[in-house]
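Have a look at the structure below, then the notes.
Everything quoted here is computed from the prediction, not taken from an experiment. The chain is numbered in sequence order, starting from 1. Atoms within a ligand are numbered from 1 in the order they appear, just like the ligands themselves.
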Amino acid sequence: MAAFTIPTIDLSAYLQHPDSSDADTVVEQIRTACATSGFFQLVGHGIPKQLQDQAFAAARTFFDLPDEEKRKLSGNPSRGYELIGTQSLEHGKKPDLKEGFFIGREVSGSGLVPVPPFRPFQEPNVWPSTDLVPDSQFKTPLLEYHRAVLDLSFKLMRILASGMKNFDTSVFAEFCHEPIASVRLLHYPPHPETDDPSLVGAGAHTDFGAITLLLQDGNSGLQVLNQETNDWVDVAPREDAYVVNIGDMLDVWTGGAYKSTVHRVINTSGAERYSIPFFLDGNPDCTIQSLDASGSAGEGKTFTVEQHMLSRYAASYKT
Ligand SMILES: O=C(O)CCC(=O)C(=O)O
Ligand SMILES: [Fe+2]
């Protein structure tokens, strides 16, 4: 059994010369990380630091708004604002000590004006009133950030597909076509001074989708479970690195070859912690079916992306 590590991997050689032997090394490093801990930190990814800073600034500005203004944008679990304690990621713990804001792909941008009824996870975005937060400080940079990270996530999917021997890569293309994909702004207040073990920022969970690309601020709090030893391993915040991890869909799809690993957040940093995960959850109609090492359908679960997302949301957003 390989040691449990969360390696830092530099993507720049792959981005510059995808056919070079240096790029092959990067691809191999990514595949190994996904097949062991299921987590790695990605640097040299090409997303401008300035855009990341704008996304964090947007998050701080929004979460600083009065509660009554934020509440006006709540009510849809996959878009807009989510109050502290709305989600409970871990059964048996208190609701998560975090507030959030979800942004999906901007459907109207493709020239189609969406009309109701909307499919789940395909609703239009909601935005704060421009009297409170100008578009130049929120909507515009966040949509640009969404597009940039979506593009990066597609590159990672191609790398991961190339690592699956005999895997029909056309299913990955179908998965990435008009996907459910969201940027989630998160704010964790400092952990209260108590030894109540049921308090968590984000309860222990695995991610629902294919891959997650998480931007952390300088405040620690994210921990990944080493299932061999049952130890929680801290993921050191690294400025402008993405913490990339595998979600449940890719774990099932690859027959467990890529691992979706349990993680949680406890913000004991003493500071306000902000993080910005991006989730690639895939085309709602795409079927996820367990494939064995030869690429044929194996035993086990078959479900669509939409079915899976609905059931995971229902389990963690109980009313
Ligand atoms: O905030 C973090 O560092 C992690 C968040 C997370 O695990 C999630 O939103 O799925
Ligand atoms: Fe997560």
Side-chain angles (χ1 to χ4, degrees), residues 6 34 37-42 52 55-56 58-60 62-63 77-91 93 95-104 121 145-146 149 153 156 180-191 199-225 227 232-251 258-282 308-309 312-313 315-317:
I6 301 176
C34 294
S37 69
F39 268 81
F40 61 96
Q41 301 233 40
L42 187 69
Q52 298 176 328
F56 271 126
R60 287 192 193 92
F62 178 79
F63 291 124
S78 72
R79 291 289 183 273
Y81 181 58
E82 175 180 320
L83 282 78
I84 288 200
T86 306
Q87 192 176 33
S88 293
L89 277 165
E90 185 176 356
H91 183 72
K93 300 267 168 158
D96 295 353
L97 266 178
K98 61 172 165 48
E99 57 180 340
F101 190 94
F102 266 106
I103 299 138
F121 314 105
Y145 183 78
H146 189 293
V149 184
S153 75
L156 290 172
I180 302 171
S182 34
V183 164
R184 188 185 197 190
L185 310 176
L186 288 174
H187 168 222
Y188 300 84
H191 198 75
L199 277 181
V200 280
H205 68 282
T206 51
D207 286 352
F208 308 169
I211 46 175
T212 304
L213 289 84
L214 168 85
L215 202 55
Q216 303 194 77
D217 69 3
N219 298 310
S220 55
L222 176 62
Q223 302 181 316
V224 179
L225 185 65
Q227 261 146 332
W232 288 102
V233 178
D234 290 322
V235 184
R238 261 192 81 127
E239 207 182 9
D240 61 0
Y242 283 94
V243 178
V244 181
N245 67 285
I246 298 293
D248 293 342
M249 289 183 201
L250 259 190
D251 188 317
Y258 293 142
K259 309 269 187 281
S260 175
T261 302
V262 174
H263 52 284
R264 69 178 183 187
V265 175
I266 301 184
N267 178 17
T268 50
S269 69
E272 307 291 329
R273 177 176 187 269
Y274 296 86
S275 71
I276 310 183
F278 169 91
F279 303 103
L280 180 64
D281 298 323
H308 176 74
M309 293 299 290
R312 295 299 300 270
Y313 263 65
S316 69
Y317 288 99

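- With sequence neighbours excluded, no residue satisfies side-chain contact (heavy atoms from CB on, under 4.5 Å) with A236.
- Between F62 and Y81, the gap from one ring centroid to the other is short of 6.0 Å.
- Inside a sphere of radius 2.8 Å centred on the Fe ion (ligand 2), the protein N/O/S atoms present are H205 NE2, D207 OD1, H263 NE2.
- Both tests do not hold together for R184 against F279: distance to the six-membered ring centre under 6.0 Å, angle to the ring axis within 45°.
- Every side-chain hydrogen bond (donor to acceptor under 3.5 Å, both in side chains) that H187 has, sequence neighbours left out, goes to E99, E272.
- With values rounded to the nearest 0.5 angstrom, L213 atom CG is found 7.0 Å from L42 atom CG.
- Protein residues with a heavy atom under 4.0 Å from ligand 1 are R184, L186, Y188, H205, D207, L214, L222, H263, V265, R273, S275, P277, F279.
- Distance OH/Y242 to CD1/I211: 12.0 Å, rounded to 0.5 Å.
- L214 has its side chain out of reach of H263: every pair of non-hydrogen atoms, C-beta onward, lies at least 4.5 Å apart.
- You'll find the side chain of T261 stays beyond 4.5 Å of the side chain of I246, heavy atoms only.
- Counting heavy atoms from C-beta on, the side chains of L222 and V243 come closer than 4.5 Å.
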